[in-house]
Structures are given as C-alpha cells and as structure tokens.
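Below is one structure, written out as structure tokens; the observations come after it.
Computed from heavy atoms alone, side chains included, the values below leave out hydrogens, waters and symmetry copies. From a predicted model like this one, the values you see are computed outputs, not experimental measurements.
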Amino acid sequence: MNFEYSQEAEYFRESFRTWLVANFPKEWNYEVTGEELVERRRTWGKMLGQGGWVAPAWPKEYGGLGLTLEQQLVYIEELVRINAPEVLNSNGIGIFGMTLIRYGTEEQKKHYLPRMLYHDDIWCQGFSEPIAGSDLAGLQTKAERKGDHYVLNGQKIWTSYAPYANKCYILVRTGESRYKGISLMILDLKQPGVTVRPIKNIAGESELAEVFLDDAVVPIEDVVGEINNGWEMANYSLANERGIHFAQRALKMQQEFQQLVSLFQKQIDIGNSQAISSVLQNKLVQSYLSCEILKSISLRNIALIAQGDDNGAIPAIAKLVWSESHQDLLNLGVEVLGEESLVKGEHEVWLQKFLISRAETIYAGTTQVQKNIIAKSLGLPSSKGGRA
C-alpha cells in the first residue's frame, strides 16, 4: 500500500514470506468458487493454525502472533500478494476471538481458543434477525434461565458460515431494556432444537443460512461476560472487524484492479470493441481512483487506531466507498467480457464475483445506515428525519 515500514516490520515480512514460500500449495495458482473454495479455505486455515500463523492480532499467550498494526499490514500484504484464500474460520478468529480474550473466562479461553485456531470448531455469528438486521438492538431471540442452563427460542437470519459451522456466538434477549437486556452466549449448533437452513445466493452458493431455535440449550458456563452486557461486547466485536479489515479489502481491490487492467489489455489484443470503448476506459480510470481513495481512507483509519484516537465516521466511509466501488469494478469486468463472462472457463470467476458483490451494499451495515452514521458525525439530518 506504499507504506513506509520499520525495520522490525520488514524482518517479520521476511520470516512470514519464507514460511509462505515453503508451505503455500503451488497447485493453488488459480481461483476457485463454491464448495471447492470452502474446502480450500478450511485446509488453509488448518495449515496456518498448525504453523502458528493464523491469528495476527491475538496475544501470544493465547496462540496468536501479537503483531503490531504495522506488522498486521505486512501480514495481509503477503497473503494478498500470493492470492491466498481467506481462512474459513475468519469470522471466529477475526471477530469473536478477540472478544472472548477480553471478556471470556479463563476456562472458556483455554477450551475454545485453540480449537478455533486449528479449525476444530468453525464459528458463525448469530446477530441478525428477520426484524433486527440493521436495527440490531431490536433483536427478539429470547434466552430463559432454567437451573444451570439457558433455553433459547427465536430465529437468526443471514448467518454467514452457518452451513459449515458447529459453533455460534449469539446475541439473545435476557432483559426488557433495549440495550441493557442483551447477552452474548456460545451456542452449540449440533444439538436438538437447532435447525440450520441454508440460503442459496444469486451465485448459487449457500454460505448464508437461517437458524431456528426451539428450546436450544446453552450451559451457564457458555455465557460470555456478564448477563445483559451483550451490547457492549457486540460493539467491541464489530470494532475489531472494522479495524485493519478495510486495509485488507483495499489491498484485495488493488489486486483485482490490476487483474482488470490485464483483462482489458488481453481483450484489446483480440480486437474486442468493448475494451477500446472510451466509456469503459473512463470507468477503468474511475476504478483506479476509487482504489486510491479506499487506500487513503484505510491508512487514515489505521493511523488513528494506532494513536488511540477516535476514528469517528471513517469506518462508515470506508464501508461505503468499498462496497459501491467494488461493485463497480466487478461490473466493469463483466461488461468488458460481455457474453464471454457467461461461459465456464478462465473468465467465469468475474461473473461469480460480480453476482456475490451485489450484497456488499447490504451486509455489515447497509449503504443507508453508513450514510446516516456519516450524517450524524457532520450534524446533518438522517434519512429518518430530524437529526441523525
């Protein structure tokens, strides 16, 4: 990302790159989709876990690398450079793991963290509900205390990785207060009373699912932190997700832009009239500018985090810029390929990515929600009327 790194960070790069050269499967020199990608992500997660390289932000005492933010940037640069797949347990390691380290009991950490690192447990996030997606505090799934356990009833939806997961960190209602009546628990998905129903997306994949709870059981020892303090922990989890995460997205988008430039050049060489269209070439320039803007926003976000300063609406700006400009970039790839993007072969991945990207302006906070957050930071009216 054209960042000036310290000598310490470059030493780490050399060490990590040496391990990657020796261990990254050379046969993974092409992109895959669907179930093949799921298994590749699982395999890669196990390999990184066994090598001790899978949790860059975790403290060393819990099996992580304990890297500085600067070293974490180097870490993701190296993974993007070789086009490594995201590990299947990224949801657990990148979001819930840090929350468990901060709020969990020592028993919870000793049991769950190693299994998370080695992909013995695959985790999903049980936050969104049919009437509580963007309005997360409106969740209705209830947990009722009965002796030494809680009984859960309700429904979660758009649950990423649920079809592959056996564990779920789940927000439930344990009190009447909108924010002070929410708790965070660890749910075993492989039990009676839990039904996971995969949701097939527009690309024909089923990464998401509905999760139905009918008297599902959570032992008292699997409550994370204090009862009714789930809202605080949920915000902590999401803050971790949006720290260095957008830097990774910026790097990946830069890589895809370079692939797009190569695609244009190849299409020009074979006389594709779309590739020499001034309209599409202008869109290519706009994609380049969007990549540079996202890179700048991501670096600013990391700098503020490193300094301990409030990053305000910057995560919302990063989400907005990334989701909309990434859709535009992938749309451009499909446009320049035309009918060729519909044919199975070397270019089909462009259509697959394009279809999956349609949800990027919805998940992890819709475009409208991000704009309201930005409006609030500027003291402007929200889309709901009045002040945001």
Side-chain angles (χ1 to χ4, degrees), residues 42 45-46 48-67 87-127 139 141-154 156 159 161-162 164-175 180-194 196 211 213 215-241:
R42 190 193 305 273
K46 283 181 175 290
L48 283 172
Q50 291 164 359
W53 295 99
V54 77
W58 288 18
K60 291 182 179 179
E61 59 264 36
Y62 294 113
L65 292 166
L67 301 184
V87 301
L88 187 59
N89 226 6
S90 60
N91 201 315
I93 294 168
I95 305 176
F96 181 58
M98 291 296 290
T99 305
L100 195 62
I101 288 169
R102 176 166 176 174
Y103 293 96
T105 64
E106 283 305 310
E107 290 75 15
Q108 288 172 339
K109 286 182 269 192
K110 287 178 181 177
H111 178 73
Y112 288 116
L113 293 179
R115 295 181 59 81
M116 189 182 294
L117 289 176
Y118 301 133
H119 282 58
D120 295 327
D121 290 328
I122 302 297
W123 291 78
C124 62
Q125 180 189 85
F127 282 14
L139 66 90
T141 295
K142 291 185 178 181
E144 183 181 356
R145 175 76 181 265
K146 290 190 177 181
D148 62 353
H149 62 273
Y150 282 85
V151 176
L152 277 57
N153 285 281
K156 298 294 179 176
T159 308
Y161 310 118
Y164 319 115
N166 64 307
K167 297 293 181 183
C168 177
Y169 58 102
I170 187 170
L171 287 179
V172 293
R173 185 154 296 286
T174 48
K180 297 294 184 179
I182 296 173
S183 297
L184 181 63
M185 300 183 180
I186 295 171
L187 174 69
D188 183 0
L189 294 176
K190 305 302 181 181
Q191 63 167 298
V194 177
V196 177
V211 179
L213 307 173
D215 290 338
V217 173
V218 171
I220 193 73
E221 58 266 25
D222 280 341
V223 174
V224 182
E226 297 178 3
I227 285 291
N228 294 328
N229 194 39
W231 187 251
E232 177 184 318
M233 290 183 279
N235 279 287
Y236 180 78
S237 295
L238 297 175
N240 276 303
E241 179 187 24

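Taking the six-membered ring wherever Trp is involved, the centroid distance between the rings of Phe96 and Tyr112 does not fall below 6.0 Å.
Of all heavy-atom pairs between Lys109 and Pro114, the closest is O-CD, 3.5 Å. Nearest heavy atom pair, residue Leu139 against residue Arg173, reads O-NE, 3.0 Å. Between Arg42 and His119 the shortest heavy-atom distance is O-CD2, 4.1 Å. Among all heavy-atom pairs drawn from Ser90 and Tyr161, the shortest one is OG-OH, 3.8 Å. In terms of heavy-atom proximity, Leu171 sits nearest to Ala234 at CD1-CB, 3.8 Å. Listed here is the closest heavy atom pair of Tyr150 and Val223: CE1-CG2, 3.8 Å.
Of the inter-residue distances, the one linking Thr99 atom OG1 with Glu232 atom CD reads 10.5 Å to the nearest 0.5 angstrom. Considering CG of Leu152 and SG of Cys168, their distance stands at 9.5 Å, rounded to 0.5 Å. In this structure, the separation between CD1 on Ile101 and CG on Leu113 is 5.0 Å, given to the nearest 0.5 Å. Here Glu226 contributes atom CD and Ser183 contributes atom OG; the two are 10.0 Å apart, rounded to the nearest 0.5 Å. In this structure, CD1 on Ile122 lies 11.5 Å from OH on Tyr164, to the nearest 0.5 angstrom. Taking CG of Leu48 as the start and CG of Asn89 as the end, the distance is 12.0 Å to the nearest 0.5 Å.
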Practice task
Just do the side chain to side chain contact (heavy atoms under 4.5 Å, CB included) check on Leu189 and Lys167 with the steps written out, would you?
Solution key: CA-CA 6 Å; Leu189 294 176; Lys167 297 293 181 183; over 6 Å; no
Problem - Trace of the side chain to side chain contact (heavy atoms under 4.5 Å, CB included) decision for Ile220 with Arg145 - result: CA-CA 9 Å; Ile220 193 73; Arg145 175 76 181 265; 3.5 Å; yes
Exercise for the section: Give the intermediate values and the outcome of side chain to side chain contact (heavy atoms under 4.5 Å, CB included) for residues Val194 and Leu213. Expected result: CA-CA 5 Å; Val194 177; Leu213 307 173; 3.9 Å; yes
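In this structure, a donor-acceptor pair under 3.5 Å is present between the side chains of Asn153 and Asp215.
A salt bridge does not link Lys110 with Glu107: every distance from a Lys NZ or Arg NE/NH1/NH2 to an Asp or Glu carboxylate oxygen is 4.0 Å or more.
The backbone N or O of Met185 lies less than 3.5 Å from no partner atom in the side chain of Asp222, so there is not a single donor-acceptor pair. Under the 3.5 Å distance criterion, the side-chain polar atoms of Gln191 are left unmatched by any main-chain donor or acceptor of Ala216. Listed for the Lys156 side chain is a donor-acceptor partner under 3.5 Å among the backbone atoms of Phe127. Under the 3.5 Å distance criterion, the side-chain polar atoms of Gln108 are matched with a main-chain donor or acceptor of Glu221.
With Tyr236 as the fixed residue, the ring-ring contact (aromatic ring centres under 6.0 Å, His included) test singles out one of Trp231, Tyr169, Tyr103: Tyr103. Of the listed residues (Leu187, Val211, Ile186, Leu184), just one forms a side chain to side chain contact (heavy atoms under 4.5 Å, CB included) with Ile170, and that residue is Leu187.
Counting heavy atoms from C-beta outward, Tyr62 and Leu100 have side chains that stay 4.5 Å or more apart. You'll find the side chain of Trp123 stays beyond 4.5 Å of the side chain of Ile95, heavy atoms only. Residues Asp120 and Lys46 meet the side-chain proximity criterion, which asks for heavy atoms closer than 4.5 Å.
Surrounding OH of Tyr118 are at most 12 heavy atoms belonging to other residues, nucleotides or ligands under 6.0 Å away.
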